Asker: 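For reference, the structure I am asking about is given below.
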Amino acid sequence: MPKPKDNKSSQCPPKHVAIIMDGNGRWAKERGKARIQGHRQGARQIEEVIRAARDEGVKYLTLYAFSSENWNRPKAEVDALMSLLASAIKKNAPYFVKNRIRFNTIGYISALPSKCVESIKNLVETTKEYDSGVLTLALNYGSRDEITRAIKKLLIKAKDSEISPEQITWNSLEQMLDTAGMPDPDLLIRTSGEMRLSNYLMLQSAYSELYFTKTYWPDFGRDEFHKAVMEYKCRERRYGLTADQLKK
Ligand code: IPE
Ligand code: IPE
Ligand code: MG
């Protein structure tokens, strides 16, 4: 059961911020540009937001970059996104190393093109001991796929007699999720005006504070991030308790 330990959001920055980076296509369309131009500008914004999160004292930043449903987009767009991913990892690797930021992914990455998988694995390995922040990219990620894979892992453990069905708790299931070892997101931001989770961190966001902005991702920068954090700090997190209970 979640504990109401961080209910006074005003006292501290969110430890973990998760973002649904949406609106690249509409940003481009409104400027008469191709969708990929929006994705390119979006990739630049990632760099600014990583720096902003660090300055705000956010330890974990988890970015939704490609969903398990995004494979159904036109092949040219998917291919362009994969090339962009490979070059963004290459370009940003020195920043992670210099600032001792651990790089991580969630999602079924083996299905990505091999050049992406290789650069991801290299950067995960290089940064695995770093502790000044954690940047996680959700790639080929979808909560339904994640929970399905988690249940398969648990069933295999049960079959091998490592766990009995009676012993299964939320804790044991949580440890099978891609996010095992990470705290749940305190703040979940979605840009572009859409108000849905689109299969993102659906279990982990059970008690996250949600923040929606109409700003398209390619326009979401340091100031917008700060605004979201400030709003988070004004929220009261109750975890099922009453406001009076929290005061005690
Ligand atoms: C988010 O922007 C990026 C990805 C899903 C990869 P979109 O590409 O979804 O942009 P819109 O929603 O079409 O404007
Ligand atoms: C969610 O955005 C996925 C990412 C931001 C990577 P989508 O644009 O794919 O979501 P829907 O289709 O609007 O729900
Ligand atoms: Mg979208």
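Just so you know, these numbers come straight off a predicted model, no measurement behind them. Reckoned from all heavy atoms, side chains included, excluding hydrogens, waters and symmetry mates. Order of listing sets the numbers, starting from 1, for every ligand and every atom in it.
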Asker: Taking atom 10 (O) of ligand 2 as the point of reference, which of R190, R26, E194 owns the nearest heavy atom?
Answerer: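 Among R190, R26, E194, the closest heavy atom to atom 10 (O) of ligand 2 belongs to R190.
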Asker: With respect to N24, determine whether any N or O atom, backbone or side chain, lies less than 3.5 Å from an N or O atom of ligand 1.
Answerer: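 Yes; at least one N/O pair falls below 3.5 Å.
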Asker: For ligand 2, which atoms have a heavy atom of I20 less than 4.0 angstrom away?
Answerer: 5 (C)
Asker: Between the Mg ion (ligand 3) and E194, is there an N, O or S atom separated by less than 2.8 Å?
Answerer: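 No, E194 does not qualify, because none of its backbone or side-chain N, O or S atoms lies under 2.8 Å.
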Asker: For Y130, does the OH atom sit with more than 12 other heavy atoms under 6.0 Å from it, leaving out its own atoms?
Answerer: yes
Asker: For atom 5 (C) of ligand 1, which candidate among R73, M21, H39, E77 holds the nearest heavy atom?
Answerer: R73
Asker: Under 3.5 Å between any N/O of Y64 and any N/O of ligand 2: does that happen in this structure?
Answerer: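 Not met; the criterion fails.
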Asker: Quickly, which of K15, H16, R237 forms a side chain to side chain donor-acceptor pair (under 3.5 Å) with D186? Name it, please.
Answerer: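 Looking at K15, H16, R237, the match for D186 under the side chain to side chain donor-acceptor pair (under 3.5 Å) is R237.
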Asker: At under 4.0 Å between heavy atoms, which part of K29 makes contact with ligand 1: side chain, backbone, both or neither?
Answerer: neither
Asker: Of all the atoms in ligand 2, which lie at a distance below 4.0 Å from a heavy atom belonging to R196?
Answerer: 11 (P), 13 (O), 14 (O)
Asker: Using the rule that two of Ile, Leu, Val, Met, Phe, Trp, Tyr join whenever any of their side-chain heavy atoms come within less than 4.5 Å, decide whether W217 and L135 are in one cluster.
Answerer: yes
Asker: Looking at E209 and R235, is there a salt bridge between them, counting it only when a charged N and a carboxylate O are closer than 4.0 Å?
Answerer: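 Looking at R235 and E209, the cut-off is met.
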Asker: Give a yes/no on ligand 1: does G23 have at least one heavy atom closer than 4.0 angstrom to it?
Answerer: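 For ligand 1, residue contact (heavy atoms, under 4.0 Å) with G23 is present.
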Asker: Going only through I, L, V, M, F, W and Y residues with side-chain contacts under 4.5 Å, is there a path from I120 to L123?
Answerer: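 Yes, one cluster joins them.
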Asker: Just which atoms of ligand 1 are under 4.0 Å from any heavy atom in A65?
Answerer: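 Taking each heavy atom of A65 in turn, ligand 1 has 6 (C) under 4.0 Å.
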Asker: May I ask you to say whether K75 pairs ionically with D79, meaning some side-chain N is under 4.0 Å from a carboxylate O?
Answerer: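 Yes, charged N to carboxylate O under 4.0 Å.
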Asker: Pick from L85, I109, V78: which one makes a side chain to side chain contact (heavy atoms under 4.5 Å, CB included) with F66?
Answerer: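 Of L85, I109, V78, side chain to side chain contact (heavy atoms under 4.5 Å, CB included) with F66 is met by V78 alone.
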Asker: Based purely on interatomic distance, does F66 place a nitrogen or oxygen under 3.5 Å from a nitrogen or oxygen of ligand 1?
Answerer: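 Min N/O separation from ligand 1 is not below 3.5 Å for F66.
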Asker: How does Y200 reach ligand 2, by side chain, by backbone, by both or by neither, if only non-hydrogen atoms under 4.0 Å count?
Answerer: neither
Asker: Considering only protein heavy atoms, which is closest to atom 9 (O) of ligand 2, and at what distance to one decimal place?
Answerer: N70 ND2, 2.9 Å
Asker: Using protein heavy atoms only, decide if any is under 4.0 Å from atom 12 (O) of ligand 2.
Answerer: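 Under 4.0 Å from atom 12 (O) of ligand 2, zero protein heavy atoms found.
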Asker: Which residue supplies the protein heavy atom nearest to atom 14 (O) of ligand 2, what is that atom called, and how far is it?
Answerer: S198 OG, 2.6 Å
Asker: Ion pair present between E47 and R44, side-chain N to carboxylate O less than 4.0 angstrom?
Answerer: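 No salt bridge links E47 with R44.
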Asker: Got a donor-acceptor contact below 3.5 angstrom from the N24 side chain to the G42 backbone?
Answerer: no
Asker: If you check every N/O/S atom of D22, which is the one nearest the Mg ion (ligand 3)?
Answerer: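 Looking only at N, O and S atoms of D22, the one nearest the Mg ion (ligand 3) is named OD1.
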Asker: Should the pair K157-D160 be classified as a salt bridge under the 4.0 Å nitrogen-to-oxygen rule?
Answerer: no
